[in-house]
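Reading through the structure tokens given below for one structure.
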Amino acid sequence: MKLLTGILAVISVFSLAFSIIADTDTVKMDKEVPNFTLKDATDKEHSFKDLSHEKKATVVMFISTQCPVFNDYNERIVTLYNDYKDQSVQFIGINSNRNESVEEIVEHNKTNKFDFVVLKDLRNEIADRFGARRTPEVYLLDEKRILRYRGAIDNSQKNPETHYLRETLDLVVAGKEISEDRKKTKAFGCTIKRVRKKQDRSRTP
């Protein structure tokens, strides 16, 4: 009986911790993304609303400096940015990993020619709001900052055949609707290394 009680207690703790994370997910499909403010690697503050103002589309991308999966995407991300920057598309990178420093981000941006804004989410609060779990993971918004797509950039780390983000970007820029079966894919990559907050101290590291 004591063993059963202990197991139930552990399950209860993990369920509570999961619900706390899930409840912070405020970004919903086909809904406007609430404004937020973060600083970049130079300590300059940016408002999401200002960054995405008067853009036909905005790509919010959760990034990493150390994840090998993400780093396989560096060139593809730069290509996407260059292909769409003159089509009124804004790219915003967000680094929410607790183990990746601002100095690393600066060097990573420089080495890989990331010319778009990259913000530091120190306590992964914005990752929590978006419900982001991996790097890379992308969220595509239209000109009204309404979420139209979330998930993977494409279907393969090495040799992609289906380019989810590019295909949905073309639709959003053209002002076309995205069918329900194309609005979400499963992101793959490294998990975001979150900080331990007061509410989840009971969780194992």
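Below, each value reflects all heavy atoms present in this structure, side chains not excepted, and no hydrogens, waters or symmetry copies.
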Task: Nearest-0.5 Å distance that lies between atom CD1 in Ile105 and atom OG1 in Thr42 - done: 11.5 Å
- [ ] Using the test side chain to side chain donor-acceptor pair (under 3.5 Å), find all partners of Gln66 that sit at least two apart in sequence or belong to another chain.
- [x] Asn99, Glu104
- [ ] Would you sort out whether Val33 and Lys28 count as a side chain to side chain contact (heavy atoms under 4.5 Å, CB included), showing the intermediate values?
- [x] CA-CA 8 Å; Val33 173; Lys28 306 295 184 184; over 6 Å; no
Task: Distance (rounded to the nearest 0.5 Å) between Ile178 CD1 and Glu180 CD - done: 10.0 Å
Task: Side chain to side chain, Tyr81 and Thr79, heavy atoms closer than 4.5 Å - done: no
Open item on the list: Once rounded to the nearest 0.5 Å, what's the spacing between atom CD1 of Ile92 and atom CG of Asp40?
Closed with: 12.0 Å
- [ ] Walk me through it: do Ser64 and Glu100 pass the test side chain to side chain donor-acceptor pair (under 3.5 Å)?
- [x] CA-CA 8 Å; Ser64 171; Glu100 296 179 357; 2.6 Å; yes
Task: Distance-only donor-acceptor check, side chains Lys120 and Asn95, under 3.5 Å - done: yes
TODO: With sequence neighbours excluded, tell me which residues meet side chain to side chain donor-acceptor pair (under 3.5 Å) with Tyr139.
DONE: Glu137, Arg150
Task: Inter- and intrachain pairs under disulfide (SG to SG under 2.5 Å), touching residues 31-67, at least two apart - done: Cys67-Cys190
Open item on the list: One thing to verify: whether Lys39 and Asp43 come together as a salt bridge, which I'm taking to mean a side-chain N less than 4.0 angstrom from a carboxylate O.
Closed with: yes
Task: For the student: nearest non-hydrogen atoms of Ala152 and Val138, plus distance - done: O-CG2, 3.9 Å
Task: Test item: Val59 and Leu165 side chains (from C-beta on) under 4.5 Å apart, heavy atoms - done: yes
Task: More than 12 heavy atoms from other groups under 6.0 Å of NZ on Lys113 - done: no
- [ ] Grab the two heavy atoms, one from Val106 and one from Ala41, that are nearest each other, plus how far apart they are.
- [x] CG2-CB, 3.3 Å
Task: Arg194 and Asp128 ion-paired at < 4.0 Å - done: yes
Task: Any side-chain heavy-atom pair of Leu140 and Leu169 under 4.5 Å - done: yes
- [ ] With the side chain counted from C-beta on, respond yes when Val69 and Arg134 share a heavy-atom pair under 4.5 Å apart, and no when they do not.
- [x] no
Task: Nearest-0.5 Å distance, OG1 of residue Thr191 to CG of residue Asn97 - done: 8.0 Å
Task: Side-chain donor-acceptor contact under 3.5 Å, Ser96 with Asn124 - done: no
Open item on the list: Using the salt bridge (charged side-chain N to carboxylate O under 4.0 Å, His left out) definition, which of the options Lys56, Arg148, Lys55 pairs with Asp142?
Closed with: Arg148
Open item on the list: Taking the basic N atoms (NZ, or NE/NH1/NH2) and the acidic carboxylate oxygens, is any pair closer than 4.0 Å for Asp154 and Arg76?
Closed with: yes
Open item on the list: Less than 4.5 Å apart, side chain to side chain, heavy atoms only: is that true for Glu143 and Val172?
Closed with: no
- [ ] Say whether, by atom type as modelled, one donor and one acceptor occur between the side chain of Asp121 and the main chain of Ala127 under 3.5 angstrom.
- [x] yes
TODO: Supply the atom-to-atom distance Phe36 CZ to His46 NE2, rounded to the nearest 0.5 angstrom.
DONE: 11.0 Å
Task: Carboxylate-amine/guanidinium contact Glu32 Lys144, below 4.0 Å - done: no
Task: Side-chain donor-acceptor pair present, Tyr73, Thr135, cut-off under 3.5 Å - done: no
Task: Within one Ile-Leu-Val-Met-Phe-Trp-Tyr cluster: Phe62 and Leu147, side-chain cutoff 4.5 Å - done: yes
- [ ] For Asp170 and Tyr84, test the side chains for any donor-to-acceptor distance below 3.5 angstrom and give the result as yes or no.
- [x] yes
Open item on the list: Between Leu38 and Ile126, does the side chain to side chain contact (heavy atoms under 4.5 Å, CB included) criterion hold? Intermediate values first, please.
Closed with: CA-CA 9 Å; Leu38 288 174; Ile126 305 306; 3.7 Å; yes
Task: Minimum-distance pair of heavy atoms, taken over all atoms of Pro160 and Asn155 - done: CA-OD1, 3.3 Å
Open item on the list: For residues Leu51 and Val89: do they belong to one hydrophobic cluster (side chain heavy atoms under 4.5 Å, members Ile, Leu, Val, Met, Phe, Trp, Tyr)?
Closed with: no
- [ ] Indicate the atoms forming the closest heavy-atom contact of Lys184 with Tyr149, along with that distance.
- [x] N-CD1, 4.1 Å
Open item on the list: Is there a path of hydrophobic side-chain contacts, each under 4.5 Å between heavy atoms, that joins Ile94 and Leu122?
Closed with: no
- [ ] Mind checking the CD1-CG spacing from Ile77 to Asn71? Nearest 0.5 Å is all I need.
- [x] 9.0 Å
Open item on the list: Could you report the tightest heavy-atom contact between Gln157 and Asp72, atom names first, then the distance?
Closed with: NE2-OD2, 2.5 Å
Task: Pairs touching residues 159-194 that satisfy ring-ring contact (aromatic ring centres under 6.0 Å, His included), sequence neighbours left out - done: none
Open item on the list: Same cluster or not: Val102 versus Ile63, using hydrophobic residues (I, L, V, M, F, W, Y) connected whenever any side-chain heavy atoms lie under 4.5 Å apart?
Closed with: no
Task: Cluster check Val173, Phe91: I/L/V/M/F/W/Y, side chain < 4.5 angstrom - done: yes
- [ ] Give the intermediate values and the outcome of side chain to side chain donor-acceptor pair (under 3.5 Å) for residues Glu107 and Thr111.
- [x] CA-CA 6 Å; Glu107 184 60 31; Thr111 300; 3.2 Å; yes
Task: Test side chain to side chain contact (heavy atoms under 4.5 Å, CB included) applied to Lys49 - qualifying residues, sequence neighbours left out - done: Asn35, Ser47, Arg145
Task: Residues in side chain to side chain donor-acceptor pair (under 3.5 Å) contact with Arg98, at least two apart in sequence or another chain - done: none
Open item on the list: Below 30° counts as parallel, above 60° as perpendicular, anything between as tilted: where do the rings of Phe70 and Phe114 land?
Closed with: perpendicular
